[in-house]
Amino acid sequence: MLRADGAGEPTRRAALEVRALTKTFGGVTALDGVSLSVERGECHALVGENGAGKSTLGKVLAGIHRPDRGIVFIDGQMQAFNSPADAARAGVGMVHQEPVFCRDLSVAENLCLGRYPRRLGLFYSRRGARVRAEALLARIGAQLDVGQPMRRLATAQEQLVQIAAAIGTGARVLVFDEPTSSLSETESQRLFALIGSLRGRGVTSIYISHRLPEIFQLADRISVLRDGRLVGTVARAQASEAELVQMMIGRPLAEYFPQHLAAAPGRPLLEVENLSSPGRFSGVSLQVRAGEIVGLAGLVGAGRSEIARAIFGLDRRASGSLRVDGRALRLGSVRRALRSGVGLVPEDRQRQGLVLMMSGRANFSLVILDQLRRLLFLDQRRERRTAEDFFSRLNVKATSIEAPVASLSGGNQQKVVLAKWLACRLKVLIVDEPTRGVDVGAKAAIHALIDELARAGLGILLISSELPELLNLSTRILVLRAGRLAGELPRPAATQENLLRLMAGV
Ligand SMILES: Nc1ncnc2c1ncn2[C@@H]1O[C@H](COP(=O)(O)OP(=O)(O)OP(=O)(O)O)[C@@H](O)[C@H]1O
Ligand SMILES: [Mg+2]
């Protein structure tokens, strides 16, 4: 094991080396003397709690942030990047989680931005651009209709375009920041195969993720960051999940067992009958009783989030009948849904749930819809106390609850939105991918909170792509396939294998 202080001699084969990197934002130290060396062709994972400094390190390597102190070497050459273009020239590219391309330009135009092929040295050549874009994609074994606008692409395809663009400009080091967080299992496996084949061509990957299983599948070595410091680097072969978690959070993580399961479910809080939406799902009937956590499983595209949105009044084409706590709820209005006590924590929290320039506290109690006001606390002291309580329970890493949310790390932003909804005390809460992007400690805290809400008598509909999460928390699991309910597994029958079989329909 290489310890944090062992900056040592430069490795001759190192594709990438950083020494004593320090980066602060205002009063926050995001990186604190990090030294690390990565070999050519290595897949090097970066793990750590939300706010540990992973993205900041990635962004320093990709020329997005300038370090306050410290040095970056690429292929043994000292670098001082002033921009992503500098980093690209030195052979470093970053695959971002957020879209980085112009949504309305075509794939070909995006891939040729700044280097658009010309005809007779003068006119833009559309055909030339297509040919070049197709060639760039072919280099990573991808095929896409390059004439279509970027916004039509699914996340996985957009990622391919980012990788093709980076490889096209000669990247030999690629930084992946939580690349699988919105990919399906199949798409993730395809990405891993691509990373493997790039490795065969000598491309080095820095791989940031909270998902330990995929890190064990991919990485050669794993570095753990905590509070901006490098805790240590371990070879995958010698690492165990428990050890990594301990390094990340500085203590062993207690096993968590849900308690809501002990209580018998109460009266039906949500009754859905024959819910349909053209092209999305059809004939869905389900019930959630007080104290129940009903899991909703299915492959990406099976219609889980669409059903959630329809119940919450966001789907104007939905038909069917809904009852909340015995009273009919007409579809098609968020206002009515909230008023009758139904809440939805959406999947895409960063885009749908936060005002980035406002403080955590203001976001926390943000009253987007006046119906929410009654459910939230108006009393400022109480608001502050509740916000502080949730911040500490979920271990939100922020200088204070007054810090603007934009300055929080990705995972910490997620926690703020989630906390806001969890504090709302509704009757029925639909949570869509509640732990995506949050670290191990927060994940356990979120599970405990969901469990606590169920025990307090809420009905919870839980959508998750993580099977262990569904299996651990749910009272029973409904399986959705191609927009229809394909079956239900009561807790005792719910095993990973049974679930997968139902999801895939074999
Ligand atoms: N632009 C910024 N302005 C102010 N503070 C920032 C900025 N970017 C990052 N920080 C702070 O730096 C620290 C490290 O953030 P970073 O985004 O690197 O964390 P991370 O390890 O990627 O976390 P996550 O798992 O949540 O994505 C955090 O405390 C964060 O609040
Ligand atoms: Mg991050």
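Starting from 1, each residue takes its place in the sequence as its number. Atoms within each ligand, like the ligands themselves, are counted from 1 in listed order.
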Inset, instruction - Work out how many protein N, O or S atoms lie closer to the Mg ion (ligand 2) than 2.8 Å. - result: 1
Legend entry - Protein residues that have a heavy atom under 4.0 Å from any atom of ligand 1, sorted by chain and number: F25, V28, A30, E49, N50, G51, A52, G53, K54, S55, T56, E178, H210, K397, S407, L408, S409, G410, G411, N412
Legend entry - E306/R304 ion pair, N-O < 4.0 Å: no
Inset, instruction - State, yes or no, whether a side-chain contact exists between F192 and T180 at a heavy-atom distance under 4.5 Å. - result: yes
Inset, instruction - Flag the pair L174 / I167 as yes when at least one side-chain heavy-atom distance between them is below 4.5 Å, and no otherwise. - result: yes
Inset, instruction - Look at D177 together with K54 and state whether they make a salt bridge at an N to O cut-off of under 4.0 Å. - result: no
Inset, instruction - Decide, yes or no, whether a salt bridge links E452 with R393 under the criterion of side-chain N to carboxylate O below 4.0 Å. - result: yes
Name every donor-acceptor pair, under 3.5 Å, that has one atom in a side chain of residues 42-50 and the other anywhere in the protein, sequence neighbours excluded.
{"from": "E42", "atom 1": "OE1", "to": "E39", "atom 2": "N", "distance (Å)": "2.8"}
{"from": "E42", "atom 1": "OE1", "to": "R221", "atom 2": "NH2", "distance (Å)": "3.2"}
{"from": "E42", "atom 1": "OE2", "to": "H44", "atom 2": "ND1", "distance (Å)": "2.7"}
{"from": "E42", "atom 1": "OE2", "to": "R221", "atom 2": "NE", "distance (Å)": "2.8"}
{"from": "E42", "atom 1": "OE2", "to": "R221", "atom 2": "NH2", "distance (Å)": "3.4"}
{"from": "H44", "atom 1": "NE2", "to": "S223", "atom 2": "OG", "distance (Å)": "2.6"}
{"from": "N50", "atom 1": "OD1", "to": "D439", "atom 2": "N", "distance (Å)": "2.9"}
{"from": "N50", "atom 1": "ND2", "to": "H210", "atom 2": "NE2", "distance (Å)": "3.2"}
{"from": "N50", "atom 1": "ND2", "to": "G437", "atom 2": "O", "distance (Å)": "3.1"}

Inset, instruction - Would you tell me whether Q217 and Q189 have side-chain atoms, one donor and one acceptor, within less than 3.5 Å of each other? - result: yes
Inset, instruction - Just do the side-chain hydrogen bond (donor to acceptor under 3.5 Å, both in side chains) check on D68 and T22 with the steps written out, would you? - result: CA-CA 6 Å; D68 304 340; T22 295; over 6 Å; no
Inset, instruction - For residues 198-207, pull every pair meeting side-chain hydrogen bond (donor to acceptor under 3.5 Å, both in side chains), keeping only residues two or more places apart or in separate chains. - result: R199-D220, Y207-E214
